[in-house]
Amino acid sequence: MKRALIAFLFAGAAVLVTAAPAAAHNALIGSDPKDKSSLEVGPSTVTLTFDQDVQGGQGINTISVVDSNGGHYEAAGDPTIKDTTVSAKVDALGKAGEYKIGYRILSADGHPVSGELTFTLTKDGTGTPRAIDANNLMDTQPSDGLPIWVWIAGAVVLLGGGVFFALRGGGTKA
């Protein structure tokens, strides 16, 4: 019995050591405008390209363009999705300065993926920020959940503990 328990513990340790992290979430591989670029004229469209198809649906995916004072310049409505590309119309930008592109998309595996890019407008534009409802602001904090190794480690510990107590709890023989 002790040999079986020791073999199980070694097998569990081998699984933990060789387990690779899950890499199923979409990853941003390109953008227009490019991250940290400088532009004389603001873009009329923001385009984000991912390594896998993006899932669609009304109100699921968002792209926001925000100036340094919190003013929003993205056009109202949902972004357009075509396979691995998500794009959104952008209104004319305002004052020269740094702008942030925030995004939240539904990845191919069904998990939300979010992030942020920046670009600098070097000349003043003609636009003004649009009014936005505070309840509709996008959450740009990443929310990818727990890594898979945490779940594997928990399962191994629970299973190992169960086997240990099952082997010990057999009682004494009369």
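On a predicted model such as this, the values are computed, not experimentally measured, just so you know. Just so you know, residue 1 is the first one in the sequence shown, and it goes up from there.
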Less than 4.5 Å apart, side chain to side chain, heavy atoms only: is that true for H72 and S64?
yes

- Report yes or no: does E74 contribute a side-chain atom to a donor-acceptor pair with the main-chain N or O of V65 at less than 3.5 Å? yes

Examine distances only and state if a side-chain atom of R104 and a backbone atom of V113 form a donor-acceptor pair shorter than 3.5 Å.
no

G71 backbone acceptor or donor facing N69 side chain under 3.5 Å: no

The reported gap from OG in S68 to NZ in K100 (rounded to nearest 0.5 angstrom) is 9.0 Å

Is any side-chain heavy atom of L48 closer than 4.5 Å to one of L28? yes

To the nearest 0.5 Å, atom CG of D83 lies from atom CD of Q52 at 12.5 Å

Value for OH (Y73) from CG (L121), rounded to nearest 0.5 Å, stands at 9.5 Å

Discussion item. Using side-chain heavy atoms (C-beta onward) and a distance below 4.5 Å, is I105 in contact with N26?
Written reply: yes

Are any non-hydrogen side-chain atoms of Y99 and T118 less than 4.5 angstrom apart? no

Per side chain to side chain contact (heavy atoms under 4.5 Å, CB included), I63 is matched among V86, V90, D78, T47 by V86

*Is there a side-chain contact between D67 and L93, using heavy atoms and a 4.5 Å cut-off?*
no

*Answer whether the closest heavy-atom distance between the side chains of T45 and P43 falls below 4.5 Å.*
no

- For the pair S37 (side chain) and F119 (backbone), establish whether a donor and an acceptor sit closer than 3.5 Å, ignoring hydrogens and angles. no

Any donor-acceptor N/O pair, D35 side chain to L117 backbone, under 3.5 Å: no

Legend entry - Side-chain heavy-atom pair N61, I81 within 4.5 angstrom cut-off: yes

For K123, the salt bridge (charged side-chain N to carboxylate O under 4.0 Å, His left out) test, sequence neighbours excluded, returns E40

Review point. Backbone N or O of P33 within a donor-acceptor pair of the S31 side chain at under 3.5 Å?
Key: yes

*asked:* Is it the case that the side chain of D53 and the backbone of A108 share a donor-acceptor pair, with hydrogens and angles ignored and the cut-off at 3.5 Å?
replied: no

Rounded to the nearest 0.5 angstrom, the OG1-NZ distance for T120 and K36 is 10.5 Å

Q.
Is the shortest side-chain heavy-atom distance between T84 and V54 below 4.5 Å?
A. no

The reported gap from NE2 in H25 to CG in L106 (rounded to nearest 0.5 angstrom) is 11.0 Å

